[in-house]
**Student:** 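This is the structure I want to talk about, given as structure tokens.
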Amino acid sequence: MEEDDDYVILSFRHNERVVQVNARHVVLALPPRLLEEHVRFDPPLNASLREAMRATHTWMADQAKVVVAYDQAFWRESGQSGNAFVTHEQVVLPEIFDACDATGEQAALGAFFSLPPAFRAAIPPATMALLISSQLVQVFDLPAEDGEQHVHDWAQETYTCSTLDRTPPSTHPEYGNPNLRLPLWENKLFFGGSETAGYGGGYLEGALESAARIQRTLVSDPISLDPKALNGPADNTACIAIFGTWVTAQQPDLLATYRRHLNQYLARQHKEQLTQRALLDTMEQFYSEALRQLSELPFDTSGTGVHKGRSDLTPEVHAPFATVHQTLISEALAFNRSSCAPSNFPEEHEPGKEYLSTIARDLAAAWREFALSSNAVLLAKAAPVIESQRTH
């Protein structure tokens, strides 16, 4: 990959030929470690950036998985879900799940391996098959013994797992290194893989976040909602409209944010209040960003009424949030009922009235905090005028 005036020259080796492509902008969606190991950059990337690339684990690259096919889903017939978490010291398959098709006619169990890449590579295939079969029999009894095994080890794929990735991290990987989010070569080159995301690194949400970040850089929005583009104090009606448009635009993404928080709690082995925590995290994040957006809008509230400590603009600011809580709760519960992981936790899969009431109280408290804070933001816009009136 070579910088050349207004272009980036990409050279691809295809069999014995080298194919070149000239591009005005290049977005690299490959994981940073793979780029650092396999791609030559000219001019070379600086040392701090290369170190950030090496330090960013490729999500799941060191993992291996087995799918075992059966003539019928015998576990369903005996009333079992097919999902299991196994935690003893000699475990081979710590996470097992029902991998049937939608109809259940194509029966299968899937599982991840706990064994590290080097250990997996040293085990003969026949021995590995025996270990898999033994583990499944321990969990699901004798009918699990005679399945057709299909093992895939991503750690053995050169362009999926880097050399550094073959040593698994001891804790959940950290993502979001700011060095990986900066444009390079005069805004011609960008890192855009999920591992570069500010949140949700490694997950699909992270990939979407990275894509949105780069889109904002590369694509001009003909209708700017950026409050910084407004010159001086704006008409309050315009500010309300801009804020309402922003709130409405964010709402379709709240479920994805909830799923990201839920996955993080599951990855950390939390087993209680998963829905409650994930929903609260989602709304607190949403309200925090909404406050920031509100603070940056150039309201002129010098002539706005204030009654019993509340700005007359506050109800208009709050109006776009009217159905947010109920919509998100409904979407989150629907997701839980259709998702594999929450089905292992009955309280999350089918929450009772008391649990739902607790969730509602948590979200109501978060809303109250936002409502007070947003009103304070609007009052602060008129603080100099109010102080002047007190002085006179």
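Heads up: numbering here begins at 1 and tracks the sequence.
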**Student:** Is Glu331 salt-bridged to Arg259, cutoff N-O under 4.0 Å?
**Tutor:** no

**Student:** At what distance, to the nearest 0.5 angstrom, does OH of Tyr355 lie from CD of Gln273?
**Tutor:** 6.0 Å

**Student:** To check you understand the geometry: which heavy-atom pair defines the closest contact between Arg54 and Arg33, and what is its length?
**Tutor:** O-NE, 2.6 Å

**Student:** Are Arg277 and Tyr265 in a cation-pi setup, meaning NZ or CZ lies under 6.0 angstrom from the ring centre and within 45 degrees of the ring axis?
**Tutor:** yes

**Student:** So Trp367 and His325, would you call those rings parallel, tilted or perpendicular, with 30° and 60° as cut-offs?
**Tutor:** perpendicular

**Student:** Contact between Glu369 and Ser373 at the side-chain level, heavy atoms closer than 4.5 Å - yes or no?
**Tutor:** yes

**Student:** Flag the pair Pro94 / Val91 as yes when at least one side-chain heavy-atom distance between them is below 4.5 Å, and no otherwise.
**Tutor:** yes

**Student:** Please check: side-chain N/O of Ser295 versus main-chain N/O of Leu291, any donor-acceptor pairing under 3.5 Å?
**Tutor:** yes

**Student:** Could you label the plane-to-plane angle of the Trp59 and Tyr175 rings as parallel, tilted or perpendicular, counting under 30° as parallel and over 60° as perpendicular?
**Tutor:** perpendicular

**Student:** Side chains of Phe191 and Ile214: does their closest heavy-atom pair fall under 4.5 Å?
**Tutor:** no

**Student:** What is the minimum heavy-atom distance between Gly309 and Leu379, and which atoms define it?
**Tutor:** O-CD1, 3.4 Å

**Student:** Going by the angle between their ring planes, with limits at 30° and 60°, are Phe41 and Trp185 parallel, tilted or perpendicular?
**Tutor:** perpendicular

**Student:** Determine, step by step, whether Gln90 and His88 satisfy the side-chain contact (heavy atoms from CB on, under 4.5 Å) criterion, reporting the C-alpha distance in whole Å, the side-chain angles of both residues, the deciding distance to 0.1 Å, and the verdict.
**Tutor:** CA-CA 6 Å; Gln90 289 78 35; His88 65 73; 3.9 Å; yes

**Student:** For this output row, return yes or no: ring centroids of Phe97 and Phe85 closer than 6.0 angstrom.
**Tutor:** no

**Student:** So, for Phe286 and Phe370, is the gap between ring centers shorter than 6.0 Å?
**Tutor:** no

**Student:** Fit a plane to each ring of Tyr70 and Phe74, take the angle between them on a 0 to 90° scale, and name the class: parallel (under 30°), tilted (30 to 60°) or perpendicular (over 60°).
**Tutor:** perpendicular

**Student:** Are Val8 and Glu3 side-chain neighbours, meaning at least one heavy-atom pair lies under 4.5 Å?
**Tutor:** no

**Student:** Quick one: does Leu28's side chain get under 4.5 Å of Met1's, heavy atoms only?
**Tutor:** yes

**Student:** Supply the atom-to-atom distance Leu131 CG to Arg120 CZ, rounded to the nearest 0.5 angstrom.
**Tutor:** 13.0 Å

**Student:** Working to the nearest 0.5 Å, report the span between CG of Leu34 and CD of Glu195.
**Tutor:** 8.5 Å

**Student:** If I take atom CG from residue Leu115 and atom CG from residue Asp153, how far apart are they, to the nearest 0.5 angstrom?
**Tutor:** 10.0 Å

**Student:** Identify the heavy atoms of Thr58 and Asp165 that sit nearest to each other, and give their distance.
**Tutor:** OG1-OD2, 2.6 Å

**Student:** Would you call Tyr258 and Leu255 a side-chain contact if the rule is heavy atoms closer than 4.5 Å?
**Tutor:** yes

